[in-house]
Amino acid sequence: MFEQAVQVSEAFRESAHQMQGSLHMALKGCPECRTTQMIASPALGFCDDCGSSLVVVPRE
């Protein structure tokens with residue numbers, strides 16, 4: 001496990017000069033309640049408050 005962490009760290013270091021901009025969280029939200037959450041799984045799921053299907057929140 002440690003060896004894999006070292007490999008990932010080295011790959012990141014070597015490619016750092018190619019990176020542009022910054023990372024942004026992907027968000028999902030309820031169109032009814034207007035709540036948002038970070039996307040952390042392949043399925044978007046349903047709103048805990050009202051039961052509506054969650055949708056991907058477009059980046060503005």
Query raised in the report: Are more than 12 heavy atoms from other residues, nucleotides or ligands located less than 6.0 Å from atom CD of Glu3?
Result: no
Report summary line: What one should report as the nearest heavy-atom pair of Pro31 and Ser53 is CD-O, 3.6 Å
Query raised in the report: Between OG1 of Thr36 and CE of Met25, what distance do you get to the nearest 0.5 Å?
Result: 8.5 Å
Query raised in the report: Rounded to the nearest 0.5 Å, how far apart are SG of Cys47 and NZ of Lys28?
Result: 10.5 Å
Report task. First locate atom CD of Glu10, then atom CZ of Arg13, and finally report the distance between them rounded to the nearest 0.5 Å. Result -> 4.0 Å
Requested in this report: Compare all side-chain heavy atoms of Cys33 with those of Ser52 and state whether any distance is below 4.5 angstrom.
Outcome: no
Requested in this report: Kindly indicate, with the supporting measurements, whether the criterion side chain to side chain contact (heavy atoms under 4.5 Å, CB included) is fulfilled by Ile39 and Leu27.
Outcome: CA-CA 5 Å; Ile39 296 176; Leu27 298 176; 5.6 Å; no
Requested in this report: Following the transitive rule for hydrophobic clusters with a side-chain heavy-atom cut-off under 4.5 Å over Ile, Leu, Val, Met, Phe, Trp and Tyr, establish whether Met38 and Val57 coincide in one cluster.
Outcome: yes
Report task. Please check if the side chain of Ser9 supplies one atom and the backbone of Ala5 the other of a donor-acceptor pair under 3.5 Å. Result -> no
